[in-house]
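Here the structure comes first, spelled out in structure tokens, and everything after it is commentary.
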Amino acid sequence: MKKSTWKSKLLCISMAVATSLLTSNLYAANKPISKKEAKRWCSKKEWANGFAPVPYKGTDCVEFATQYAKNKELWDKMFSWMAQNDLLNMPEGTYPIDGKRCYIKISNSQTRDASKSKVESHRQYIDLQYVAKGTERFGIINPKDATPVTEYKPDVIHYTAKKIKYVDSKPDFFFLFFPNDYHQALVKAEKEEIVRLIVAKIEYIP
């Protein structure tokens with residue numbers, strides 16, 4: 001057998017071992033995953049189940065990997081549903097994925113001036129927000145820059161914020177907002193418009 005063939009086989013074996021070690025670490029009970037491992041896991045997209053968009057580059061990959069490991073069946077079911085359905089054209093409404101543990105809301109929603117959009121966070125659910133059509137500007141807020149203005153009322157609390165980073169949506173990525181990811185949604189970009197918004201509410205496991 002040619003040396004090049006042996007080298008190819010060794011490379012494949014090495015990659016398989018590396019993947020196996022990463023997966024083992026991800027699912028090891030109570031074992032934290034490093035940022036480097038989490039980013040590698042995230043980029044491999046083994047979690048995607050056919051869903052093409054990728055997480056926004058600022059996503060907390062450690063939290064994503066941790067929550068996925070704790071609730072893999074639920075995440076797989078949700079991503080499979082997103083991949084298999086016509087998100088652009090199916091009727092607006094709420095679609096149950098797994099009872100109250102996970103459901104998806106599809107709407108044609110109006111963007112607006114930032115002054116009319118509240119900063120919020122959630123405790124019971126993780127928000128996956130994906131804009132399939134149009135451009136929505138998302139505000140991303142560090143908790144240290146936010147002050148609560150309402151009591152927690154399941155499942156939301158609102159804030160004022162002294163510093164907000166804005167990111168415009170694109171159809172090739174989605175946002176994941178965990179409990180410590182304070183955010184402001186439906187902000188207009190260059191103009192007010194109707195956007196095709198898909199919001200998945202996913203059970204958060206502390």
Side-chain angles (χ1 to χ4, degrees), residues 19 22-23 25-27 31-83 87 97 101-106 111 117 119-146 155-157 159 161 163-187 189 195-206:
T19 300
L22 177 59
T23 303
N25 188 48
L26 178 60
Y27 292 107
K31 183 174 182 180
I33 184 171
S34 70
K35 284 185 178 181
K36 185 176 180 180
E37 288 172 323
K39 285 186 175 181
R40 193 189 323 160
W41 170 83
C42 194
S43 66
K44 286 178 71 65
K45 290 197 68 180
E46 292 177 352
W47 46 266
N49 287 276
F51 187 55
V54 299
Y56 164 61
K57 64 181 180 181
T59 295
D60 185 340
C61 290
V62 172
E63 185 74 289
F64 181 21
T66 301
Q67 286 297 311
Y68 180 87
K70 289 179 177 181
N71 222 350
K72 181 180 184 301
E73 184 179 353
L74 190 69
W75 285 86
D76 285 346
K77 191 183 295 187
M78 184 269 298
F79 278 123
S80 293
W81 190 95
M82 298 268 276
L87 302 179
I97 304 301
R101 296 177 64 222
C102 182
Y103 56 93
I104 293 175
K105 295 181 177 180
I106 297 181
T111 61
S117 186
V119 174
E120 62 187 35
S121 71
H122 314 288
R123 297 176 185 175
Q124 184 180 353
Y125 291 102
I126 301 158
D127 266 10
L128 182 154
Q129 300 215 20
Y130 172 60
V131 183
K133 184 178 180 181
T135 303
E136 177 180 352
R137 183 163 288 173
F138 286 89
I140 299 174
I141 301 93
N142 190 310
K144 69 181 179 62
D145 294 321
D155 179 42
V156 68
I157 184 169
Y159 307 84
K163 186 178 179 182
I164 302 177
K165 174 185 176 181
Y166 286 104
V167 179
D168 288 353
S169 69
K170 293 185 183 299
D172 58 351
F173 65 79
F174 59 86
F175 294 85
L176 279 171
F177 297 117
F178 300 98
N180 282 326
D181 294 321
Y182 295 9
H183 53 281
Q184 184 185 33
L186 287 175
V187 177
V195 298
R196 181 70 167 180
L197 179 60
I198 290 85
V199 179
K201 306 292 284 188
I202 307 147
E203 175 186 39
Y204 178 76
I205 299 182

Legend entry - Residue pair L128, M82: steps toward the side-chain contact (heavy atoms from CB on, under 4.5 Å) verdict: CA-CA 11 Å; L128 182 154; M82 298 268 276; 3.6 Å; yes
Legend entry - Contact summary for F79 and A48, nearest pair of heavy atoms: CB-O, 3.3 Å
Inset, instruction - Indicate yes or no for a side-chain donor-acceptor contact from T59 to the backbone of Y56 under 3.5 Å, with no hydrogens or angles considered. - result: yes
Inset, instruction - Hey, could you give me the CD1/CD1 distance between I164 and I141, rounded to the nearest 0.5 Å? - result: 4.5 Å
Inset, instruction - Locate the shortest heavy-atom distance separating V167 from I140; write the atom from each residue and the value. - result: CG2-CD1, 3.9 Å
Legend entry - Atom pair CD/CD1 of Q67 and I202 - distance to nearest 0.5 Å: 9.5 Å
Legend entry - Distance in Å, F178 CZ paired with T66 OG1, rounded so as to fall on 0.5 Å steps: 8.5 Å
Legend entry - Side chain proximity check, N180 to E63, heavy atoms < 4.5 angstrom: no
Legend entry - Point-to-point distance, once rounded to the nearest 0.5 Å, from CG of D60 to NZ of K35: 8.0 Å
Inset, instruction - Please state whether the rings of Y103 and Y125 are parallel, tilted or perpendicular, taking 30° and 60° as the class boundaries. - result: perpendicular
Legend entry - A161 versus V119, closest heavy-atom pair with distance: CB-CG2, 4.3 Å
Inset, instruction - Would you please classify the geometry between the F175 ring and the F173 ring as parallel, tilted or perpendicular, with 30° and 60° separating the classes? - result: perpendicular
Legend entry - Non-hydrogen atoms of L176 and D181 that approach each other most closely: O-OD2, 3.6 Å
Inset, instruction - To the nearest 0.5 Å, tell me how far I104 CD1 sits from L87 CG. - result: 7.5 Å
Inset, instruction - Assign the ring pair W41 / W47 to parallel, tilted or perpendicular, where the plane angle (0 to 90°) is split at 30° and 60°. - result: tilted
Inset, instruction - Mark yes when over 12 heavy atoms from residues, nucleotides or ligands other than K45 sit less than 6.0 Å from its NZ; otherwise mark no. - result: yes
Legend entry - Value rounded to 0.5 Å, distance of CD in E46 from CG in D76: 11.0 Å
Legend entry - Side-chain (Q184) to main-chain (S117) donor-acceptor, under 3.5 angstrom: yes
Legend entry - Check: Q124 main-chain N/O paired with D155 side-chain donor or acceptor under 3.5 Å: yes
Legend entry - F51-Y130 aromatic ring centre distance below 6.0 Å: yes
Inset, instruction - Give the minimum heavy-atom separation between T135 and T111, together with the two atoms involved. - result: O-CG2, 4.0 Å
Legend entry - Side chain K70, main chain P206, donor-acceptor under 3.5 Å: yes
Inset, instruction - Test V131 against every option in D168, L197, L186 by the side chain to side chain contact (heavy atoms under 4.5 Å, CB included) rule and name the one that passes. - result: L197
Inset, instruction - Ignoring hydrogens and angles, tell me if any N or O in the side chain of E203 forms a donor-acceptor pair with the backbone of C102 under 3.5 Å. - result: no
Legend entry - Whether D127 side chain and Q129 backbone form a donor-acceptor pair below 3.5 Å: no
Inset, instruction - Kindly give the heavy-atom pair with the smallest separation between P53 and P171, and that separation in Å. - result: CG-O, 3.8 Å
Inset, instruction - Test side-chain contact (heavy atoms from CB on, under 4.5 Å) on H183 and H122 and set out the steps. - result: CA-CA 10 Å; H183 53 281; H122 314 288; 3.4 Å; yes
Legend entry - CA sep, side-chain torsions, deciding dist, call: R196, I106, side-chain contact (heavy atoms from CB on, under 4.5 Å): CA-CA 7 Å; R196 181 70 167 180; I106 297 181; 3.5 Å; yes
